[in-house]
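One structure is given below, encoded as structure tokens.
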There are 2 protein chains.
Amino acid sequence: MTLLDETPETRYLQLADTLAEAIRRGTLLPGSRLPSVRRCAQTHSVSINTVVSAYRTLEDRGLIEARPQSGFYVRSTLPALKMAPQPSGRIEPPADDVLALIDAVFAAQQNPQFTNISLACPQTADFYPGGKLGRMLSSQLRRQPNLIGQYALPPGSLRLRQQIARRAMTLGMLLEPGDITLTHGCMEALQLALRVITRPGDCVGLESPTYFYLLPLLASLGLKALEIPTDPQHGLSLDALELLLNEKRLNAVIVMPTVQNPLGCTMPPAAKKRLARLMNDHQVPLIEDGLYAEIQFGAALSPAVKSFDSDGWVLFCSSFTKTLAPDFRIGWISGGRFNEALRKLKAVSSMSESQLLSETLATFLESGGYDHHLRNLRKRYAAQVDEARALIARHFPRGTRATQPAGGFVFWVEFPAGVDSVALFHQLLEEQICLTPGTLYSPSGRYRNALRLSCCYPFNARYTQALARVGAKACEMSGLPPGIAQDG
Amino acid sequence: MTLLDETPETRYLQLADTLAEAIRRGTLLPGSRLPSVRRCAQTHSVSINTVVSAYRTLEDRGLIEARPQSGFYVRSTLPALKMAPQPSGRIEPPADDVLALIDAVFAAQQNPQFTNISLACPQTADFYPGGKLGRMLSSQLRRQPNLIGQYALPPGSLRLRQQIARRAMTLGMLLEPGDITLTHGCMEALQLALRVITRPGDCVGLESPTYFYLLPLLASLGLKALEIPTDPQHGLSLDALELLLNEKRLNAVIVMPTVQNPLGCTMPPAAKKRLARLMNDHQVPLIEDGLYAEIQFGAALSPAVKSFDSDGWVLFCSSFTKTLAPDFRIGWISGGRFNEALRKLKAVSSMSESQLLSETLATFLESGGYDHHLRNLRKRYAAQVDEARALIARHFPRGTRATQPAGGFVFWVEFPAGVDSVALFHQLLEEQICLTPGTLYSPSGRYRNALRLSCCYPFNARYTQALARVGAKACEMSGLPPGIAQDG
């Protein structure tokens, strides 16, 4: 088959349609790699440029995806999610039954007998350079044996803060080491940020669905939550946010604009820029949770909202727990105009981070091994996410929809009518399978038909069988057969 | 000189008077070791029992002190402190000028050029078994290289909590590992405890003087402080506390009943028992800060208030940062009836502690090296405290008074009239000497004539010269000559 008769403008569209048809028919299977651009150009006797344009078109249509240093892959064929209906706009503390459910999930999470298929705790130690970090830690101990006996003070290791500032540039942020305070993981960064910028009774705007541990955190601080509509692909609705800001109904906002948890989506750069401008114009602080921002699947990293922050109203939080060294629990915050208050609060909240661990991390970052590690991590998570999506397409009831994550290892699944994920959670606990039902991710208990899935586990028989069991149970509940319809 | 004419009952008093006279005249110098009991019995031709009784009498009079495994020493001759006048009973948030002063001290503390003589940050890495812990850490890494890549969950390492429970028995506490949650140092334990048991606007009872970092912590949580009179030797006034509890003016109380910071005093066991009963009877939570409870100078450890806790109203907080591994920053809390709430709050506040560091600590504790280490630490701090007191007796203005610490490495000094420790702080900063003026230790800015001193630094020329400079400046301010009058 050649495309020589076509004009250059239509030729790439013709090629794109041909490939789309091959994907639809199953000639190119989900998860399989497309031929290289050069090979495809030879096969179809077209120019390199035509192939590049065709692949971009397929990417725009959501049929294939580029993986850095690896090529183009056919995406699994789960229908995309549409935005949930607009939340009610009720402003209140997270509901008690949601908090109770979070407790139940947390208790199940601590049982090592249980198979976790949806918690975002990386348990695959082999994904991390533990051996290398261990050797660096031992060598750090030999060089500075006194470190264990010394009492560190905030803001923490200068060398590590220098490395963090250097790396922040890859997300478009120009930070000084002095702008950064080390924290005990990202969780403490979020906690300190909330304590600095809010007072009990304040109202905090959240994505819907949102990171579920924020809900007991807000409750513990006497804060109210307001859910802001969030598009499963493009993130927070800025129109809705602007309305709320104009009505002065928010004292602070927390978002995950890059690789959102639980949706997996990333806001387009233009939306991030508008978000930063909105917050600065209204002088309302924005907590930007950038925990997964370095695990983006796209070739170029989407910049942080903080990179567009004009007057210091954005507090950027992140950590190395999900990307490099879960057990070190070292996170950081750069809080713009709140930096001094943050540093003081860190001192009286938990003082400082271990110098030994911080300096070891700094050595690792200085060695340049981090970028190499991140490339591998992205590739592996991208492959695992796709594998999980393929399993869902096979085992979950017809009509199931899912988000296509832009990075990280979690995504969001919505069941067809008749499936209650809270009931599913309780039933599967008896089979020692631990789920996170959708209601966890909403202060008002929405999303009872949804589920977050996590791919940070080894893809062994235990995991895949557990996923198949969830599918079987859901089919039983809904009365629908397994397998996604081609028409979505 | 023999005492053969005396009856046994009076013989030991005669011997005690003889020795007291020798101390008064300077024949036996402060800090010097008394002859052993056997040698003294030979010298004075009396029985062993008589010498033991004489030494006990001198100990009761505050003239000598027993140091475990070491013998009896002449105490330095600083006059004892009397209880400060009763605080005003005002209930309010910590004063802004006190908080500003704490910030200034904290900033000075972070400058490595400055000589610290009064901050309780152990900088003497050689006091800690860093080498041994380092080797255990390396061996832990070899045994479990995957630990770095694993995501720990609260309440934290079971092995470490087992060891903590075992050791808690030395302070009279019967705890289960399940009663214990690991925290990021004692500071986080205090912070979590306050957040669990109070709400903004509540009033917290504090010792006067108190641990100064509590003040910005209370302020950050919107809490008010009420100072409770505290005896420099016997600690918190329970009569005053009972009055306040009867009047229902306290929502919570924080105390350091064993080796108080900054006074160095320990409450008698009977008082601790009464304190526990008072709190349980009134059902008001008590946070017991036991940070220095394992660095007691006496032969037997005074029990924790928690050991008398009948209904779980006492929350015991401690840490290994001051006793074993400052850089590991691992602390713990056992919160009685608040345990479950504490564990949940820990999860959403900063998640967990490093398993690698926790397991290393557990190995060290299991090895039995800790008791040996603590014995050395107590001996060294006891000697350094006495040396510092001797330097004060030499260099500080006549009329200076000081507490005699029951353990730890801090104690409290009160200057005679005319010395303003805040002015002293600012003046000595210019000479790069960092003090902690007494006003830091009171939410209402009392104790402007006082100072906390710390002996956790190497006693080198830099430290002793800095101490002498403080004395010289204080003499200048007060117009008094240096040297303590014999009559106190």
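Letters A, B, ... mirror the listed sequences (proteins, then strands); counts begin at 1. Being a predicted model, the structure only gives us computed values, none of them experimental.
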| remark: All heavy atoms of B:F106 vs all of A:L153, minimum pair found to be CE1-CD2, 4.5 Å
| Taking every heavy-atom pair that is under 4.5 Å apart, which of A:A325, A:G331, A:G185 has the most such pairs with chain B? | A:A325
| field | Over all atoms of both residues, closest heavy-atom pair of A:S138 and B:S138 | value | OG-OG, 3.5 Å
| request: Name the region of B:L356, side chain, backbone, both or neither, that has any atom closer than 4.5 Å to a heavy atom of chain A. | output: both
| remark: Residue from B:H184, B:R199, B:R142, B:M351 scoring the most non-hydrogen pairs under 4.5 Å with chain A is B:H184
| Most contacts with chain B, counted as non-hydrogen pairs under 4.5 angstrom, among A:L357, A:L192, A:D103, A:L137 | A:D103
| request: Pick whichever of B:T321, B:L147, B:L215, B:L190 has the most heavy-atom pairs under 4.5 Å with chain A. | output: B:L147
| field | Most chain A-contacting option - heavy-atom pairs closer than 4.5 Å, from B:P145, B:P154, B:P129, B:S220 | value | B:P154
| Nearest heavy atoms of B:V348 and A:Y213, plus distance in Å | CG1-O, 3.8 Å
| note | If one checks every heavy atom of B:L133 against chain A at 4.5 Å, the contacting part turns out to be both
| Who wins among B:T183, B:L217, B:N146 for the most heavy-atom pairs under 4.5 Å with chain A? | B:L217
| message | Is the shortest side-chain heavy-atom distance between A:Y151 and B:K322 below 4.5 Å? | response | yes
| field | Distance-minimising heavy-atom pair for B:G134 and A:L141 | value | O-CD1, 3.5 Å
| query | Do side-chain atoms of B:R329 reach the backbone of A:A152 as a donor and acceptor pair under 3.5 angstrom? | reply | no
| With side chains defined as the heavy atoms from C-beta onward, is the minimum distance between B:L221 and A:R195 less than 4.5 Å? | yes
| task | Can you see which heavy atom on B:S349 is nearest to which on A:Q191, and at what distance? | result | O-NE2, 2.9 Å
| said: Less than 4.5 Å to any heavy atom of chain A: does that hold for the side chain of B:K346, its backbone, both, or neither? | reply: side chain
| query | Which heavy atom of B:G130 sits nearest a heavy atom of A:I148, and at what distance? | reply | O-CD1, 3.7 Å
| request: Under 4.5 Å heavy-atom distance to chain B, tell me which part of A:A347 shows up: side chain, backbone, both or neither. | output: both
| Exceeds 12 heavy-atom contacts within 6.0 angstrom, atom CG of A:D96 | no
